[in-house]
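Numbers restart at 1 for each chain; the letters A, B, ... are given by sequence-line order, proteins then strands.
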2 protein chains.
Amino acid sequence: MKENYKVIIVDDHQLFADGMVRILADEDDFEVIGICNNSTELYHMLNNHKPDLIMLDIQMGGTNGLELCYDLKKTMPQIKVILISMFESINVVNEGKNSGANGYIPKTTDAALVKKSIREVMEGRDIFIKPINPETKVDLEGGSYAFLLSKREREIILYIKKGFTSKATAEELNISQFTVDTHRKNILKKLKLNSLKELISYAYENNL
Amino acid sequence: MKENYKVIIVDDHQLFADGMVRILADEDDFEVIGICNNSTELYHMLNNHKPDLIMLDIQMGGTNGLELCYDLKKTMPQIKVILISMFESINVVNEGKNSGANGYIPKTTDAALVKKSIREVMEGRDIFIKPINPETKVDLEGGSYAFLLSKREREIILYIKKGFTSKATAEELNISQFTVDTHRKNILKKLKLNSLKELISYAYENNL
DNA sequence: ATAAAAATACCTAAAACTTGGTATTGTTAT
DNA sequence: ATAACAATACCAAGTTTTAGGTATTTTTAT
């Protein structure tokens, strides 16, 4: 008889999670024991349930899935983690590896490959997809480069959303106005935006 | 006996589409007759298959789902279209309406709501969710002066949210930059705000 | 018809943002 | 150890916004 792997799905897109449940329900060696929409829900659930595997979306509003994975692996290394993401760039895959995950699956893969990947991981082999075309500049369209942001940069964004000038932000954080300006510049560059106004809209539309 | 609605799912994330198929397979009044990962595949499929409904993701690599919806509705208005998106901002929902779609569902909704929405749409009622942004404080009594805004002022706000300078907005609307500046000033005054940045946040938090 | 509101247009000075740099000090990953 | 990233700080020129106005024309409602 086959193993019965207990799986928790973590994704802020409930619809995607609902779909995943049904995909895994096709097989009788998986059992989804829970769905969480954010890290808080996950930690809550982990108090009462011990999964064998966590399927973790790395872009969730307000939560950085990579950091979450890192924390999970630090305290519960025995739980396997497969990251799910709409990014396929080699950079993100590498960040995924560094966060301690056992696998990385882009959302462009299909149901069959997911099932195969889970079995691979549960049998002890990490699976990190080779980006199909490393030359291709990953064009995210609706996607978000927000995961590229550092902690301080996310903090700066909060002040921008509140309408703080760089001077006011600098005073609040006890750093130089020049530093705030540099952070702002770097944020715009990373997110490929042209102004703070675009940034604010971006922040709201991407739950930053 | 219930209707048997023929559905095509269009999403570049195969995994999401695979999940949707299984969600719809729960019910016997839906039948997924195809999955497409882009507009080309969709048009191909439409040569041989006539669906009752198309579930259309609006963010697909290389394809603008909104434009696709607009084109579809122009040539095949009898086919219902429900847009799916990870955005919940009022902007995008409105753009969805303008593209001729019959409904708009964010990916944060769950399987049950999707099924309900499909039935609503197939029975002739359009469904456009009122997005509830967790950050949004629904506090109409409390001090939203937004009702004071004129039509033109609301229009100006849309350009501000898109990051347009007053000069660029003026060119777009064929009016003087001074006029745009005056509108901006009046908007800030009416809403008791101090900067365009605050205005943008206000706009998102009050579904403007 | 007429008052109120909306939309238009103009002026100026100060403050803030944008852009294109350079550069040092820590920390992290390989 | 050494490359890459994060956080810090600085400079300058040009653009945009902000805040104080005034003022005319068009639309809307009573």
Response to the item:
Double-helix bend of the helix from C:dA1-D:dT30 to C:dT30-D:dA1, axes at both ends from 5 pairs, round to 10°, gives 70°

Worksheet entry | Atom-pair distance (CD1 on B:Ile175; P on C:dA6), nearest Å | 16 Å

Discussion item. Expressed as a whole number of angstroms, how long is the span from B:Glu153:CD to C:dA6:P?
Written reply: 7 Å

Worksheet entry | Any side-chain heavy-atom pair of B:Asn102 and B:Lys73 under 4.5 Å | yes

Discussion item. Under the criterion salt bridge (Lys or Arg N to Asp or Glu O under 4.0 Å), I'd like the reasoning laid out for A:Lys162 against A:Glu172: C-alpha separation, chi angles, the key distance, then a yes or no.
Written reply: CA-CA 13 Å; A:Lys162 285 194 281 185; A:Glu172 194 75 10; over 6 Å; no

Fill in: Distance in angstrom units between B:Ile156 CD1 and C:dA7 C1', rounded
10 Å

Worksheet item: So where does chain B start and stop touching DNA chain D, 5' to 3', when the test is distance under 4.0 Å to a non-hydrogen atom?
Response: D:dT16 to D:dG21

Discussion item. Using salt bridge (Lys or Arg N to Asp or Glu O under 4.0 Å), reason through A:Lys107 and A:Asp11 one step at a time and then give a plain yes or no.
Written reply: CA-CA 12 Å; A:Lys107 286 189 177 176; A:Asp11 200 306; 3.7 Å; yes

Item to complete: Test B:Cys69 against every option in B:Ile58, B:Ile82, B:Leu56 by the side chain to side chain contact (heavy atoms under 4.5 Å, CB included) rule and name the one that passes.
Response: B:Leu56

Name the pairs: protein N/O against N/O of nucleotides 24-29 of chain C, kept only if under 3.5 Å.
none

Item to complete: For residues A:Met55 and A:Val114, determine if any side-chain heavy atom of one lies less than 4.5 Å from a side-chain heavy atom of the other.
Response: yes

Practice prompt. For residues A:Tyr43 and A:Leu72, determine if any side-chain heavy atom of one lies less than 4.5 Å from a side-chain heavy atom of the other.
Written response: yes

Discussion item. Considering every strand and a 4.0 Å limit on heavy-atom distances, what is the contact class for A:Ser176: base, sugar-phosphate, or nothing?
Written reply: sugar-phosphate

Worksheet item: To the nearest angstrom, how far is B:Ile200 atom CD1 from C:dC17 atom P?
Response: 12 Å

Item to complete: Please examine the side chains of B:Ile127 and B:Ile105, heavy atoms only from C-beta on, and report whether any two atoms are closer than 4.5 Å.
Response: yes

Discussion item. Let's see if you can work this out: which of C:dA6, C:dA16, C:dA7 has an atom nearest to the side-chain heavy atoms of A:Thr165?
Written reply: C:dA16

Discussion item. Rounding to an integer number of Å, can you tell me how far A:Asn194 CG sits from C:dC17 C1'?
Written reply: 13 Å

Fill in: Sub-4.5 Å side-chain heavy-atom contact between A:Ile9 and A:Ile84
no

Worksheet item: Checking A:Glu153 side chain against A:Leu149 main chain: does a donor-acceptor pair fall under 3.5 Å?
Response: no

Worksheet item: Is A:Thr179 close to A:Thr182 at the side-chain level, that is, under 4.5 Å between some pair of heavy atoms?
Response: no

Worksheet, complete the sentence: Expected list for residues 180-188 of chain A near DNA chain C, using heavy atoms below 4.0 Å, is A:Arg184, A:Lys185

Item to complete: Determine: side-chain N/O of A:Ser166 to OP1/OP2 of C:dA16, distance under 4.0 Å, yes or no.
Response: no

Item to complete: Report the distance from atom CZ of A:Phe164 to atom P of C:dA16, rounded to the nearest whole Å.
Response: 13 Å

Worksheet item: Under 4.5 Å between any side-chain heavy atoms of A:Met76 and A:Gln78, yes or no?
Response: yes

Fill in: Value in whole Å for how far the C1' atom of C:dC17 lies from NZ of B:Lys197
8 Å

Worksheet item: Can you name the residues that form a ring pair (Phe, Tyr, Trp, His ring centres under 6.0 Å) with B:Tyr159, not counting sequence neighbours?
Response: B:Phe164

Item to complete: Not counting sequence neighbours, which residues clear ring pair (Phe, Tyr, Trp, His ring centres under 6.0 Å) with A:Tyr5? List them please.
Response: none

Discussion item. Quick check: do B:Thr169 and B:His183 have side-chain heavy atoms less than 4.5 Å from each other?
Written reply: no

Practice prompt. Send over the distance from A:Lys167 NZ to C:dA14 C1', rounded to a whole Å.
Written response: 11 Å

